[in-house]
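All values below were derived from every heavy atom in this structure, side-chain atoms included, with hydrogens, water molecules and symmetry-related copies excluded.
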Amino acid sequence: MFNPSLREHGKDKIVYSTSLAFRIVFLVMAVFILVSVISASDGPLLSRFNGISFFIILICLFAALYLERWIFDRKTNSFERNLGILFLYSKKRMPLDTLRKVVLFEPGMKYTDRPKYSRWMARKAALLAIVDEAGVFYKLDMVKGGAVGQGRRIAETLSMFCGIPLEDKTADISEDLM
């Protein structure tokens, strides 16, 4: 629900970006805190705000406007990353045909190699990345727990769409969580 979502925009373009649910939750939190502060007491409006409530509202608004978007476009042969605030973000573009593989792997120590007490406390996790011809990793997402299966499906979709191999190094992560 809060993980980035993969959407098709025609047959030649797919976009992996921040989900709408993520934005809505943080916007609702900001509005809830704002309404709570305004209705909390009498007196001038500015005197009702303290530093903490103002700071939390700003963080919630920032999170609601946060943008991380990856665009894969076969028609224009481009792979693009947009990162920043919804209307103010940096853009990095490169040719789609320079991508070499999609990688899904467990960061750090493998889940099955961890001590039993550590496995009890930690969830299984996988990193979804794209690798270009220079060997540069572009981290698209970190998926945890039951979302590892969804990450695998996204990796397969990206691999097929871009026509590049999928290197899935998460075979140790059991299918019962997916």
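In this structure, Y66 and L83 have side chains that are in contact, with non-hydrogen atoms separated by less than 4.5 Å. Two residues are said to be in side-chain contact when any heavy atoms from C-beta on lie closer than 4.5 Å; T18 and R23 meet this criterion. For the pair Y138 and V136, the minimum side-chain heavy-atom distance is below 4.5 Å. Side-chain contact check for V143 versus I154: every heavy-atom pair is 4.5 Å or farther apart. In this structure, the side chains of L61 and L27 come closer than 4.5 Å at one or more pairs of heavy atoms. Annotation: side chain of L96 is in contact with side chain of C162 (closest heavy-atom distance under 4.5 Å). Counting only heavy atoms from C-beta outward, the side chains of R81 and S90 approach each other to under 4.5 Å. Looking at heavy atoms from C-beta onward, F79 lies out of side-chain contact with D132 at the 4.5 angstrom threshold.
For the pair S159 and P165, the tightest heavy-atom approach, listed with the atom from each and the gap, is OG-C, 3.6 Å. What you find for I164 and R100 is that their closest heavy atoms are CB-O, 3.6 Å. What you find for N82 and E80 is that their closest heavy atoms are OD1-OE2, 3.0 Å. When every heavy atom of K11 is checked against every heavy atom of R74, the shortest pair comes out as O-NH2, 2.6 Å. When all heavy atoms are compared, the tightest approach of V15 to I71 is CG2-CG1, 4.2 Å. Across every non-hydrogen atom of Y16 and D141, the tightest pair is OH-OD2, 2.8 Å.
Note on V131 and L99: separate hydrophobic clusters, where clusters join Ile, Leu, Val, Met, Phe, Trp and Tyr whose side-chain heavy atoms are under 4.5 Å apart, directly or indirectly. Residues I85 and Y89 share a single hydrophobic cluster, defined by chaining ILVMFWY side chains whose heavy atoms lie under 4.5 Å apart. A single hydrophobic cluster is not seen to contain both I130 and V103; linkage of ILVMFWY side chains at heavy-atom distances under 4.5 Å, directly or through other members, places them apart. L65 and L67 fall within the same hydrophobic cluster, defined by Ile, Leu, Val, Met, Phe, Trp and Tyr side-chain heavy atoms under 4.5 Å apart, directly or through other members.
Ring planes of F161 and F72: perpendicular class, angle over 60° (limits at 30 and 60°).
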> Taking it one step at a time, do L158 and I14 satisfy side chain to side chain contact (heavy atoms under 4.5 Å, CB included)?
Replying inline: CA-CA 9 Å; L158 289 174; I14 57 175; 3.5 Å; yes
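Side chain of D97 to main chain of N77: no donor-acceptor pair is present (N/O by atom type, distance under 3.5 Å, no hydrogens or angles).
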